[in-house]
A.B. asks: 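To start, I am sharing the structure in question, which I have written as structure tokens.
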Amino acid sequence: MTREPDRYAVTGYPVKHSFSPFIHGMFAKQTKQRMTYRLLEIAPEQLADQVTNFFADGGKGMNVTIPHKQAVFPLCKYRTPRAEIAGAVNTLAIQPDDELLGDNTDGAGLVVDLLTNLRLKLRESRILLLGAGGAARGVLGPLLEQAPALLHVVNRDKTKANALLGEFHRLGELLAGGFDDVQSEPYDLIINATAASLQGEVPPITGAAVGRQTTCYDMAYSKEDTAFVKWANEQGTGHAEVGWGMLVEQAAEAFLLWRGVRPDTTPVLAAVRSPTPVLQEAPQNAPK
Ligand code: NDP
């Protein structure tokens, strides 16, 4: 009798636009893993019950996206150090004792994209991080591990940026403030971790923060240039990028945790960036 393929899913609310089934479908095909990966939309009030049911029913792993990353944290008996530091979980894996391990691969995914795909040097660099929500929290630890000369985190609501400073300052050179505290000397890297691009808006920071040597990175991803990327180009940025690389690399880190093999992300990144609608290819390995 042949064994059923191992089952994985991504949960969020809503989740139907997620690229994760496509990405993990490509990873599974490339690495010849017998697995399925589907969308699992769960309303916040049903989260604990449905996650528990998924794993009780034999599920092996789950990705977690907006708005559940903090809510699944207490469901995990075990957590990786990077999930503990982030205070949020984006990957769940069932353990041999049937308990859940929670990991956070967002920061590692961003850092791999910056160092490997974009070939940036982060050590001794000046980095500006816009936003103080879940995404900013997830990447602060891994960015500080790269020993930048400065990591300046600014947010519309200054108190949230200051709270992050309180939590993370022991890990490296961190400054916090509001958008009006952004320095007029160009940074080496500006990362937009706000949700402004989703509303077609740009955080109100001075254009003097951008120079020819500045890379501007928008965590939001879209086939067209985001509002932040358009703004960065108008300011004369050396390079502007949207967050496809972070999305694919954080998925590869999750896949490694689950399957013990890190897929080659290059063809997957090319596929998600492609202007043609790639999502239709997903079902070959995805939804049940
Ligand atoms: P949260 O809701 O946790 O945080 C939202 C943040 O955006 C807050 O800092 C908020 O500021 C700020 N914000 C919202 N609207 C505006 C605006 N109009 N102008 C300025 N600031 C604004 O969201 P997340 O942190 O989870 O996600 C942030 C972004 O990162 C999203 O675009 C998301 O798609 C992207 N992301 C991408 C990933 C990838 O793999 N590429 C992974 C994770 C996230 P305030 O506190 O003042 O309200």
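Note: hydrogens, waters and symmetry copies are ignored here, and every other heavy atom, side chains too, is used. In listed order, ligands and their atoms are each counted from 1.
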A.B. asks: Strictly under 4.0 angstrom, heavy-atom based: which residues surround ligand 1?
C.D. replies: I66, K69, G131, A132, G133, G134, A135, N155, R156, D157, K160, F179, A193, T194, A195, A196, L198, Q199, E201, M219, A220, Y221, G243, M246, L247

A.B. asks: Could you go through Q235 and T237, starting from their C-alpha distance and side-chain angles, then the distance that decides it, and tell me whether this counts as side-chain contact (heavy atoms from CB on, under 4.5 Å)?
C.D. replies: CA-CA 6 Å; Q235 310 311 310; T237 182; 5.9 Å; no

A.B. asks: Give a yes-or-no answer on whether the side chains of D57 and N53 include a donor-acceptor pair shorter than 3.5 Å.
C.D. replies: no

A.B. asks: Scan residues 193-226 for pairs that pass ring pair (Phe, Tyr, Trp, His ring centres under 6.0 Å), counting only residues two or more places apart or in two chains.
C.D. replies: Y221-W244

A.B. asks: Which residue in the set I191, V210, L189 passes side-chain contact (heavy atoms from CB on, under 4.5 Å) when paired with C216?
C.D. replies: V210

A.B. asks: Name all pairs fulfilling the side chain to side chain donor-acceptor pair (under 3.5 Å) condition that reach into residues 187-198, sequence neighbours left out, sorted by first residue then second.
C.D. replies: H152-Y187, N192-T194, N192-D218, S197-D218

A.B. asks: With a 3.5 Å cut-off and sequence neighbours excluded, list the donor-acceptor pairs that the side chains of residues 8-15 form with protein atoms.
C.D. replies:
unit_1, atom_1, unit_2, atom_2, d
Y8, OH, R259, NH1, 2.9
T11, OG1, L40, O, 2.8

